[in-house]
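Convention: sequence-line order gives letters A, B, ...; per-chain numbering from 1. In what follows, every heavy atom counts, from backbone to side chain, and hydrogens, waters and symmetry copies are set aside.
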Amino acid sequence: MSRISVIFRREFASYFATPLAGVFLVLFLFLSGLFTFNLGGLFDRGQADLRPFFQFLPWLLLFLVPAISMRLWAEERRIGTIELLTTLPFTLTDLVLGKFLAAWAFAAVAILLSTPMWITVAWLGSPDHGVIIASYCGGLLMAGSFLAVGGCISATTKNQVIAFVVCVVACFLLLITGFPAVQDYVSGWAPSAVVESLAAVSALSHFESILRGVLDVRDVLYFASVIAASLFANVLIIQWRKAD
Amino acid sequence: MNHELITARGLDKRFGSIHAVRGINLDVRAGEVVGFLGPNGAGKSTTMRMLTGFLDPTAGTVVLDGINLADHPMLAKRRFGYLPEGAPAYPDMRVDEFLSFIARARSFTGRDIKQRVDAVIERVHLSSVRLQTIETLSKGFKRRVGLAQALIHDPPILILDEPTDGLDPNQKHEVRELIRHLGSERAVVLSTHILEEVEAVCTRAVLINSGSIVFDGTPAEMDAKAPRHIDRNRLDSVFRSLTTVDTADPHTRKATSR
């Protein structure tokens with residue numbers, strides 16, 4: 001555990017060593033505000049909830065999470081520190097978990113900085129706090145899944161731009177299979193089993209169901225398995241290709 | 001005292017169709033400073049990477065201070081300090097932050113961290129830059145930071161890939177003095193392509209060519225292999241004669257290289 005925390009501390013501090021953290025947080029807050037108030041019409045709806053914020057959150061995470069995850073391993077490869085890290089007394093699991101948890105904590109800081117919106121709606125009306133808490137959990141789980149997938153992709157390349165683009169595409173696919181338009185299109189010709197399994201692998205369907213205010217075990221299990229599978233694949237990729 | 005700290009048996013590495021290292025055997029005792037020599041691409045870095053576990057050998061075993069690297073990597077990794085090729089470090093970290101990170105990674109806690117960092121900064125003369133970020137350092141200082149991270153836990157084994165590359169003559173002299181001093185009670189393996197370095201610091205020279213060891217002996221023995229009439233750059237001539245390809249007979253090799 002303490003070995004993981006050594007990696008975690010270095011990684012988490014590294015976000016704040018460059019202007020990256022500031023730029024990221026400001027951009028995230030600006031865009032989430034823009035989406036929530038202008039596109040989502042938080043005030044015009046006349047309802048005290050954060051639904052507009054959470055509805056746009058997956059699409060915001062789609063671009064912002066790959067910006068966090070792209071450097072996780074690609075940068076280590078590019079500057080050669082992967083050789084240093086893997087010959088220090090760490091296991092690959094320590095390295096993968098430490099890096100992932102640091103990235104997740106950073107994403108959590110960004111998401112939780114939106115709580116002034118929650119305070120605003122709580123002040124203006126009486127929202128269902130249970131739904132909002134469940135939605136925050138859903139948002140964190142979705143960010144975690146995207147980060148785990150992104151870390152895995154970052155481990156395959158030295159190039160951060162490639163890591164970013166491939167991660168956006170992968171996360172987009174993970175989202176879009178649950179998109180109503182895609183579901184309608186597929187249900188036109190594919191057997192219902194295919195439509196259902198597409199919905200089952202979609203991060204969006206699981207997220208939408210959490211937004212209704214119920215943290216169902218199946219939804220949590222879904223995100224947990226995406227994270228676990230991606231981290232496991234990440235360890236294997238580093239194991240096989242660390243010297244490439 | 002002088003027990004074997006590094007034992008490599010039949011180390012072999014293939015990258016697809018390229019046979020990079022061909023069954024190398026190497027024993028290094030405490031008190032030995034082994035200069036690993038060879039042309040670029042001979043397999044020096046690959047061998048060092050297998051000694052440190054960064055690369056898994058296709059065949060063969062590495063035992064460090066009595067611990068099998070493949071069976072107990074976490075224990076074996078504590079026994080050595082490693083300076084990888086190019087001395088990689090995190091550019092946005094300050095020198096003292098980076099060394100503290102390495103100290104924590106080496107399981108030091110609390111006050112020991114600062115004490116270790118201070119000691120190693122003193123040892124490799126980094127005091128003037130300890131608060132600078134690594135990206136702002138000159139090549140010589142970066143190399144010394146790399147050396148510092150390898151020394152921080154005072155390991156019995158040191159594996160240094162081109163420790164003096166990019167240093168000016170004064171810095172080279174300083175690092176060589178340091179290595180010679182460290183080597184008196186440790187097993188040190190360093191790679192270089194500067195032959196004077198071998199004479200200056202090494203107690204033993206191992207010359208590798210196309211993945212195989214072609215010479216293993218003291219620098220004096222290596223020098224003795226050069227033809228008598230050559231009085232300048234004698235090691236260069238031995239190096240060329242032993243590593244020039246496509247000649248079978250060592251005598252004709254010497255003849256052609258002249």
> If you count heavy-atom pairs under 4.5 Å with chain B, which of A/I82, A/T81, A/L85, A/L88 comes out on top?
Replying inline: A/T81

>> Taking the ring centre of each residue, are A/Y136 and A/W118 less than 6.0 Å apart?
In response: yes

> So, do A/F16 and A/F106 have ring centers that fall under 6.0 Å from each other?
Replying inline: yes

Any residue of [range] which, by heavy atoms, sits under 4.5 Å from chain A:
range: residues 52-60 of chain B; result: B/T52, B/G53, B/F54, B/L55, B/D56
range: residues 70-108 of chain B; result: B/M74, B/K77, B/R78, B/F80, B/Y82, B/P84, B/P88, B/A89, B/Y90, B/P91, B/D92, B/M93, B/F98, B/F101, B/I102, B/R104, B/A105, B/R106
range: residues 5-19 of chain B; result: none

> After noting the C-alpha distance and the side-chain angles of A/L174 and A/F146, does the key distance pass the side-chain contact (heavy atoms from CB on, under 4.5 Å) rule?
Replying inline: CA-CA 9 Å; A/L174 206 56; A/F146 284 5; 4.2 Å; yes

> Mind checking what makes side-chain hydrogen bond (donor to acceptor under 3.5 Å, both in side chains) contact with B/S191, not counting sequence neighbours?
Replying inline: B/D161

If you measure from the Lys or Arg side-chain nitrogens to the Asp or Glu carboxylate oxygens, is any gap between [X] and [Y] under 4.0 Å?
X: B/R29; Y: B/E32; value: no
X: B/K172; Y: B/D168; value: no
X: B/E174; Y: B/R144; value: yes
X: A/E76; Y: A/R71; value: no

Okay, side chain of [X], backbone of [Y]: is any donor-acceptor separation there less than 3.5 Å?
X: B/K44; Y: B/G38; result: yes
X: A/S32; Y: A/F28; result: yes
X: A/T157; Y: A/S154; result: no

> Can you check whether B/R116 reaches B/D154 side chain to side chain, under 4.5 Å on heavy atoms?
Replying inline: yes

> Any side-chain donor paired with an acceptor under 3.5 Å for B/E197 and B/T164?
Replying inline: yes

